[in-house]
Amino acid sequence: MLNPLYESFFQKNHSSEKIFLLLKNDNKISYKDFICLIENISFFFKQKGLIPGDRVALKLKKSHHFLAIYGACIRNGLIFLPLNSSYTTDELTYFLNDSESKLLITDRETFLNLKNKKFHHFLFIEILEPDGSGFIKDNSTNTVNYERPVKRQLNDVAAILYTSGTTGKSKGAMITQENLISNAKTLKDYWNFTSHDNLIHSLPIYHTHGLFVATNIILLSSAKMIFLEKFDIDELINFLPIATVLMGVPTYYSRLLDSKKLTKLLVKNIRLFISGSAPLTKEINDEFFKKTGKRILERYGMTETNMISSNPYYGERISGTVGYPLPNINVRIIDSFSGKLLSKGKIGEIQVKGKNVFKGYWRMSDKTANSFTKDGFFKTEDLGFFDKNGYLEIVGRLKDLIISGGFNIYPKEIENVINSIKGIKESAVIGIPHRDLGEAVFSIIIREKESKLNSKKISDFMNKKLAKYKCPKAIIFKDSLPKNNLGKILKNKLREEYFNFFKK
Ligand code: MLC
Ligand code: AMP
């Protein structure tokens with residue numbers, strides 16, 4: 001194949017009149033029109049002088065243009081680099097510098113905010129307005145793009161997705177063509193997707209879940225998506241009767257359960273409810289089953305590995321577990337101290353090997369080396385065990401990570417920002433249970449003696465520096481933090497102390 005990923009996901013739908021996306025106000029986009037848009041953008045990239053391997057960053061609201069830019073990057077061998085649309089200018093500057101992106105496609109406001117920022121390299125910025133006007137329309141030609149897709153190997157990097165890290169510095173996970181093709185094929189078969197499916201898509205598309213899991217499976221199956229700008233419970237409920245599959249984070253299901261409109265009749269056409277990105281509690285899964293008669297299928301994945309395990313489509317779905325390792329993916333449980341392989345029932349680190357596992361972290365060879373074992377397994381830093389029937393259960397994390405509504409937040413990054421405020425002595429950021437978000441960010445702050453800082457001032461500062469979802473949902477002031485003999489903050493103790501804070 002000339003360009004395996006492009007051919008598998010996009011080229012195959014080239015002349016299909018079938019609907020790919022159902023948008024707001026009953027607007028529809030066929031596969032044919034979608035591919036035509038990709039070809040236009042691909043032509044523009046070529047004219048701009050972008051060459052294979054160049055990084056193309058995107059900070060945009062969700063739209064079909066976003067997906068077409070993904071396709072055009074794959075077509076031209078460019079590395080697709082989607083970024084959270086709520087990142088602040090400081091966060092964005094880090095990603096653009098670190099990745100040495102050649103092109104950023106963004107909205108007008110971000111363009112203006114970046115005007116006086118310094119970059120380590122030459123960066124083009126193109127504006128794309130929410131209605132699609134901007135560089136695509138300005139440069140669109142009605143001529144057909146006769147250039148063939150750029151030749152790519154399976155091992156070539158197709159995308160870089162940034163994931164935060166324990167040190168507070170984000171790492172770019174390099175995802176290859178093979179990672180994406182192998183995982184989408186596996187999931188399509190495992191979850192029984194066909195061209196008749198109609199997926200409700202209300203996830204963000206800058207993360208593995210909404211972009212690779214949802215979109216790639218639909219493209220591969222030549223199926224349809226009800227493509228919603230964001231998660232909105234009323235909109236979702238309106239579309240449930242005409243959809244066949246819903247993919248979401250646990251918050252979707254807890255919010256659905258809160259709605260009086262959730263009935264067996266409403267979801268009668270849905271053949272599959274999938275949950276992932278964060279733990280789905282047994283209570284939510286069981287309550288959902290009771291109310292709808294449908295058992296949510298929980299699966300487990302990571303940016304670095306795509307999807308790792310899933311409850312079965314046909315067999316029994318066990319709530320509280322993330323199912324079996326997917327076909328051709330090797331999953332093992334290792335004792336993190338001795339490095340020994342553990343048997344069923346024993347808790348240890350989940351390690352993964354297979355075509356789904358990423359190539360490494362962008363320009364961080366030490367971090368990459370530390371993330372793999374000598375025999376090539378990726379260390380997830382998630383803790384779990386296999387039960388007696390071979391179902392994987394996740395019980396905790398070795399990494400100091402908070403998962404809030406499916407977004408990953410590393411406390412260190414938040415603490416660094418809090419501690420940089422004049423008048424703050426130290427701080428601890430923890431995740432505590434929250435019914436809607438699963439976990440919520442919570443900060444405990446120690447001020448300098450004379451400091452007059454209040455929580456409003458601290459919040460205002462943080463909102464300028466960090467994307468909103470990372471900012472603490474509550475700030476508490478204390479005189480001191482509990483520490484061990486080595487001076488390390490005892491976060492477990494704090495988690496215990498504030499466990500019920502959001503339940504009040
Ligand atoms: C929004 N806010 C959040 C938040 N989402 N705060 C904490 N955690 C979150 N997840 C904040 C906003 O900044 C805003 O702040 C306020 O909450 C309301 O914003 P909103 O846009 O109205 O939020 P809402 O619609 O309620 O969003 C909740 C959500 C959303 C759960 C629908 O967060 C979401 O779509 N999550 C999905 C994340 C995801 O796709 N993860 C996949 C990662 S890939 P303020 O202060 O302005 O009120 C991965 C691998 C794998 O993990 O296995 O899949
Ligand atoms: P990310 O780095 O955003 O890709 O998030 C990956 C992390 O999300 C994993 O390492 C897990 O900790 C967590 N995760 C994903 N799916 C699940 C799940 N079904 N249950 C529990 N944790 C999950």
Side-chain angles (χ1 to χ4, degrees), residues 61-62 82 84-88 161-166 170-171 173 175 183 187 201-214 228-236 247-256 274-282 285 296-311 319-323 349-352 356 358 378-384 392-410 414 431 434 436-442 459-460 462-463 466-474 502:
K61 287 234 163 76
K62 185 174 173 181
N84 189 320
S85 50
S86 63
Y87 281 146
T88 61
L161 259 58
Y162 273 88
T163 76
S164 349
T166 0
S170 291
K171 307 162 287 189
I175 322 278
N183 214 237
L187 295 174
H201 191 305
S202 56
L203 288 157
I205 46 175
Y206 43 75
H207 274 313
T208 300
H209 196 163
L211 182 65
F212 297 147
V213 186
L228 308 175
E229 274 165 32
K230 66 185 289 276
F231 177 82
D232 176 282
I233 189 71
D234 296 323
E235 207 175 12
L236 187 81
M247 269 184 207
V249 294
T251 302
Y252 283 24
Y253 295 102
S254 61
R255 289 192 189 172
L256 271 171
I274 306 174
S275 176
S277 303
L280 178 72
T281 62
K282 206 171 169 330
N285 200 339
I296 302 169
L297 177 153
E298 186 172 7
R299 57 70 181 167
Y300 160 57
M302 274 185 89
T303 303
E304 288 92 333
T305 60
N306 292 281
M307 297 306 101
I308 300 168
S309 74
S310 168
N311 268 280
S319 56
T321 82
V322 290
E349 186 187 24
I350 303 170
Q351 298 189 349
V352 189
N356 55 312
F358 77 135
F378 176 69
K379 302 192 252 179
T380 64
E381 295 187 67
D382 285 319
L383 287 171
L392 181 62
E393 200 168 314
I394 300 172
V395 294
R397 299 170 204 137
L398 284 167
K399 47 198 173 194
D400 188 12
L401 163 74
I402 301 167
I403 306 184
S404 169
F407 284 132
N408 284 9
I409 299 151
Y410 276 88
I414 320 303
H434 190 279
D436 183 43
L437 298 169
E439 279 181 296
V441 180
F442 184 82
S459 292
D460 289 348
M462 296 184 85
N463 284 338
L466 296 166
K468 272 276 184 68
Y469 72 90
K470 297 181 189 169
C471 296
K473 295 286 181 231
F502 290 113

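Values in this document were obtained by computation on a predicted structure and should not be read as measured data. Atoms within each ligand, like the ligands themselves, are counted from 1 in listed order. This chain uses plain numbering: 1 for the first residue, then up along the sequence.
- In terms of N/O distances under 3.5 Å, ligand 1 is not approached by Tyr252.
- The contact set between ligand 1 and His209, taken as ligand atoms under 4.0 Å from a residue heavy atom, comprises 42 (C), 44 (S), 54 (O).
- Considering backbone and side-chain atoms together, Arg255 places an N or O closer than 3.5 Å to an N or O of ligand 1.
- A donor-acceptor pair under 3.5 Å is formed between the side chain of Asn306 and the backbone N or O of Asn356.
- Scanning the protein heavy atoms around atom 53 (O) of ligand 1, the nearest turns out to be Arg299 NH1, 2.7 Å.
- Protein heavy atom at the shortest distance from atom 7 (C) of ligand 1 is Ser404 OG, 3.1 Å.
- An N or O contact shorter than 3.5 Å links Ser277 to ligand 1 by distance.
- If you check each of Tyr300, Tyr469, Phe407 against atom 2 (N) of ligand 1, the one with the closest non-hydrogen atom is Tyr469.
- Listed by chain and residue number, Arg397 satisfy the side-chain hydrogen bond (donor to acceptor under 3.5 Å, both in side chains) test with Glu439 (two or more places apart in sequence, or in another chain).
- Protein heavy atom nearest atom 20 (P) of ligand 1, with residue, atom name and distance: Lys230 NZ, 3.8 Å.
- Atom 16 (C) of ligand 1 has as its closest protein heavy atom Lys473 NZ, 4.8 Å.
- With Tyr252 contributing its side chain and Ser202 its backbone, the two residues share a donor-acceptor pair below 3.5 Å.
- In terms of protein heavy-atom proximity, atom 35 (O) of ligand 1 is nearest to Pro204 CD, 3.7 Å.
- Scanning the protein for heavy atoms near atom 14 (C) of ligand 1, the closest one is Lys468 CB, 4.8 Å.
- Side-chain rings of Phe442 and His434 stay apart, their centers remaining 6.0 Å or farther from each other.
- Residues satisfying the side-chain hydrogen bond (donor to acceptor under 3.5 Å, both in side chains) test with Lys230, not counting sequence neighbours, are none.
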Taking a 3.5 Å cut-off between nitrogen or oxygen atoms, can you list every pair linking ligand 2 to the protein, with distances?
{"from": "ligand 2", "atom 1": "2 (O)", "to": "Asn408", "atom 2": "ND2", "distance (Å)": "2.8"}
{"from": "ligand 2", "atom 1": "3 (O)", "to": "Asn408", "atom 2": "ND2", "distance (Å)": "3.0"}
{"from": "ligand 2", "atom 1": "4 (O)", "to": "Thr303", "atom 2": "N", "distance (Å)": "2.7"}
{"from": "ligand 2", "atom 1": "4 (O)", "to": "Thr303", "atom 2": "OG1", "distance (Å)": "2.6"}
{"from": "ligand 2", "atom 1": "5 (O)", "to": "Asn408", "atom 2": "ND2", "distance (Å)": "2.8"}
{"from": "ligand 2", "atom 1": "10 (O)", "to": "Asp382", "atom 2": "OD1", "distance (Å)": "3.4"}
{"from": "ligand 2", "atom 1": "10 (O)", "to": "Asp382", "atom 2": "OD2", "distance (Å)": "2.6"}
{"from": "ligand 2", "atom 1": "10 (O)", "to": "Lys399", "atom 2": "NZ", "distance (Å)": "2.8"}
{"from": "ligand 2", "atom 1": "12 (O)", "to": "Asp382", "atom 2": "OD1", "distance (Å)": "2.7"}
{"from": "ligand 2", "atom 1": "12 (O)", "to": "Asp382", "atom 2": "OD2", "distance (Å)": "3.4"}
{"from": "ligand 2", "atom 1": "16 (N)", "to": "Ser277", "atom 2": "N", "distance (Å)": "3.2"}
{"from": "ligand 2", "atom 1": "19 (N)", "to": "Glu298", "atom 2": "OE2", "distance (Å)": "2.9"}
{"from": "ligand 2", "atom 1": "19 (N)", "to": "Arg299", "atom 2": "O", "distance (Å)": "2.7"}
{"from": "ligand 2", "atom 1": "20 (N)", "to": "Glu298", "atom 2": "OE2", "distance (Å)": "3.4"}

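- Of all the atoms in ligand 1, the ones that sit under 4.0 Å from a non-hydrogen atom of Leu203 are 40 (O).
- Of the N or O atoms in Gly406, one or more lie within a sub-3.5 Å distance of an N or O in ligand 1.
- With sequence neighbours excluded, the residues satisfying side-chain hydrogen bond (donor to acceptor under 3.5 Å, both in side chains) with Ser86 are Asn84.
- Here the protein heavy atom with the shortest distance to atom 31 (C) of ligand 1 is Gly405 O, 3.6 Å.
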